[in-house]
There are 2 protein chains.
Amino acid sequence: MSLDHFDLALLDAVQRDAGISQLDLGEKVNLSSAAVNRRLKKMAAEGVIQGTVARINADALGYTLTVITEVEVETERLDLLDDMKRAFLACPQVQQCYYVAGECDFVLIMLVQNMEQYTNITRELFFENNNVKKFKTLVSMSNVKTGTCIPILD
Amino acid sequence: MSLDHFDLALLDAVQRDAGISQLDLGEKVNLSSAAVNRRLKKMAAEGVIQGTVARINADALGYTLTVITEVEVETERLDLLDDMKRAFLACPQVQQCYYVAGECDFVLIMLVQNMEQYTNITRELFFENNNVKKFKTLVSMSNVKTGTCIPILD
DNA sequence: TCTGAAAATGGACCTTT
DNA sequence: AAAGGTCCATTTTCAGA
């Protein structure tokens, strides 16, 4: 799918604020609201726009601790890796999980309410998994930047 | 602010899909659409709901490479750290940035179009900054899990 | 691009606890 | 008072001309 500069401007706007009306969007990018409607609809149908979500204040729900965990595996057997991926996916405290090349094999970003909760999760995910050789924990003192905005207008 | 089980159910629904109508939300949690409207409005005003954003398919825009960078600083002087945080915040390819305790000082999640772009950014952010002692790059082979869903209903 | 119908939002007002 | 429900006006979405 080809995206022109109107599409890019629309994407940039809605990835920052999906609440803005199509009328206001049209004003911002110089397009009628009907054109905005068509383009957004098309991009959603094509999967360029994957959906809209509300951003919730984690602190307000008691999730005040962000932890980054680097996991090193014992063997890279595919079925074992898949099992681990599944376990990470299923754990709601795991916000993000990357399978990486380098010294470690997985990097996890976790959001927990306190250290005790993190400890419990490490037991479940790492200590009770025979394929985890070791893991290293980095505690975030400050979440300098979070979000999922993609660079669009450069 | 105190959140009852209605609020929690609403938060859980809208953090997965903010497009759902207040009528459907009300059906899901057993509340009238007016009550849903009031509660959502209040939670937005109190900052529990920080906003709604569209999720964009990064691949569709050519951003196919996710890189995790661990940065070690020379000195922890506050003004120098603040300068670095500002630089990371201002770089659109930096999706997330955590200031951490441990072996390294910053962990960055970056989204780039290719290795060349990453190389250019490392020059700008790391090589040309005297306070960066060293940095380590981890390349993601698979983004197993991404998103920002907070665990609400457990 | 314009127009209009259908849907969604959000306020007013009344009732319940 | 605080919160829910119903009704209604306004706004928004979205398809057809």
Side-chain angles (χ1 to χ4, degrees), chain A residues 1-63 113 146-150 152-153, chain B residues 1-61 147-154:
Chain A
M1 167 166 193
S2 73
L3 302 166
D4 63 16
H5 75 100
F6 285 120
D7 291 318
L8 296 179
L10 289 174
L11 290 175
D12 192 53
V14 296
Q15 79 168 343
R16 290 166 205 286
D17 177 11
I20 184 172
S21 79
Q22 296 174 356
L23 200 79
D24 289 346
L25 274 175
E27 222 160 88
K28 186 173 282 193
V29 304
N30 285 313
L31 225 49
S32 71
S33 75
V36 170
N37 184 278
R38 268 192 299 272
R39 285 165 179 267
L40 289 180
K41 203 174 173 62
K42 181 161 181 226
M43 289 193 284
E46 308 257 356
V48 179
I49 296 176
Q50 295 172 318
T52 64
V53 301
R55 298 256 290 155
I56 310 292
N57 183 344
D59 280 337
L61 294 174
Y63 285 87
Q113 296 183 307
T146 60
T148 55
C149 269
I150 293 167
I152 294 184
L153 305 173
Chain B
M1 169 170 190
S2 73
L3 302 167
D4 63 16
H5 75 99
F6 285 120
D7 291 318
L8 295 179
L10 289 174
L11 289 176
D12 192 53
V14 296
Q15 80 168 342
R16 290 168 206 285
D17 177 11
I20 183 173
S21 77
Q22 296 173 356
L23 201 79
D24 289 346
L25 274 175
E27 223 160 87
K28 185 172 283 191
V29 305
N30 285 315
L31 226 47
S32 71
S33 74
V36 170
N37 184 282
R38 274 192 291 267
R39 283 166 179 268
L40 289 180
K41 201 175 173 62
K42 182 165 181 218
M43 289 193 284
E46 308 256 356
V48 178
I49 296 176
Q50 295 171 319
T52 65
V53 300
R55 299 256 292 157
I56 310 291
N57 183 343
D59 280 337
L61 293 174
T148 55
C149 269
I150 293 166
I152 293 184
L153 306 172
D154 293 294

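Values reported hereafter were calculated over all heavy atoms of this structure, with side chains retained and with hydrogens, waters and symmetry mates removed. Since the structure is predicted, the reported quantities are computational estimates derived from the model, not experimental observations. We name chains A, B, ... by the order of the sequence lines, and we start the count at 1 in each one.
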Margin query: Show, in sequence, the C-alpha distance, side-chain angles and deciding distance for Asp17(A) and Val53(B), and conclude whether the side-chain contact (heavy atoms from CB on, under 4.5 Å) test is met.
Written below: CA-CA 5 Å; Asp17(A) 177 11; Val53(B) 300; over 6 Å; no
Between [atom2] of [N] and [atom1] of [X], the distance in whole Å:
X: Leu25(B); N: dG4(D); atom1: CG; atom2: P; answer: 14 Å
X: Asn30(B); N: dG4(D); atom1: CG; atom2: C1'; answer: 13 Å
X: Met1(B); N: dA3(D); atom1: CE; atom2: C1'; answer: 13 Å
X: Asp7(B); N: dA2(D); atom1: CG; atom2: P; answer: 16 Å
X: Arg39(B); N: dG10(C); atom1: CZ; atom2: P; answer: 16 Å
X: Leu40(B); N: dG11(C); atom1: CG; atom2: C1'; answer: 15 Å

Check: Are any of Ser32(A)'s side-chain N or O atoms less than 4.0 Å away from OP1 or OP2 of dT1(C)?
Finding: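 For Ser32(A), the contact criterion (side-chain N or O under 4.0 Å from OP1 or OP2 of dT1(C)) is met.
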Could you go over nucleotides 14-17 of chain C and give all protein N or O partners under 3.5 Å, atom names and distances?
none

Which heavy atom of [X] sits nearest a heavy atom of [Y], and at what distance?
X: Asn30(A); Y: Phe6(A); result: O-CE2, 3.7 Å
X: Asp59(B); Y: Asn57(B); result: N-OD1, 3.0 Å
X: Asp7(A); Y: Arg39(A); result: OD1-NH1, 3.1 Å
X: Thr148(B); Y: Arg55(A); result: CG2-NH1, 3.8 Å

Note to self: Strictly under 4.0 angstrom, non-hydrogen atoms only: write out the protein contact profile of nucleotides 7-17 of chain D, one letter per nucleotide from the 5' end, B, S or -.
What the structure shows: ------SBS--
Note to self: Please determine whether salt bridge (Lys or Arg N to Asp or Glu O under 4.0 Å) holds for the pair Asp12(A) and Lys28(A), giving the CA-CA distance in whole Å, both sets of side-chain angles, and the decisive distance to 0.1 Å.
What the structure shows: CA-CA 11 Å; Asp12(A) 192 53; Lys28(A) 186 173 282 193; over 6 Å; no
Margin query: Val48(A) vs Leu11(A), test: side-chain contact (heavy atoms from CB on, under 4.5 Å). Steps then yes/no.
Written below: CA-CA 9 Å; Val48(A) 179; Leu11(A) 290 175; 3.9 Å; yes
Check: Picking from Val29(B), Ile20(B), Leu3(B), what satisfies side-chain contact (heavy atoms from CB on, under 4.5 Å) with Leu10(B)?
Finding: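 It is Val29(B), the one option of Val29(B), Ile20(B), Leu3(B) that forms the side-chain contact (heavy atoms from CB on, under 4.5 Å) with Leu10(B).
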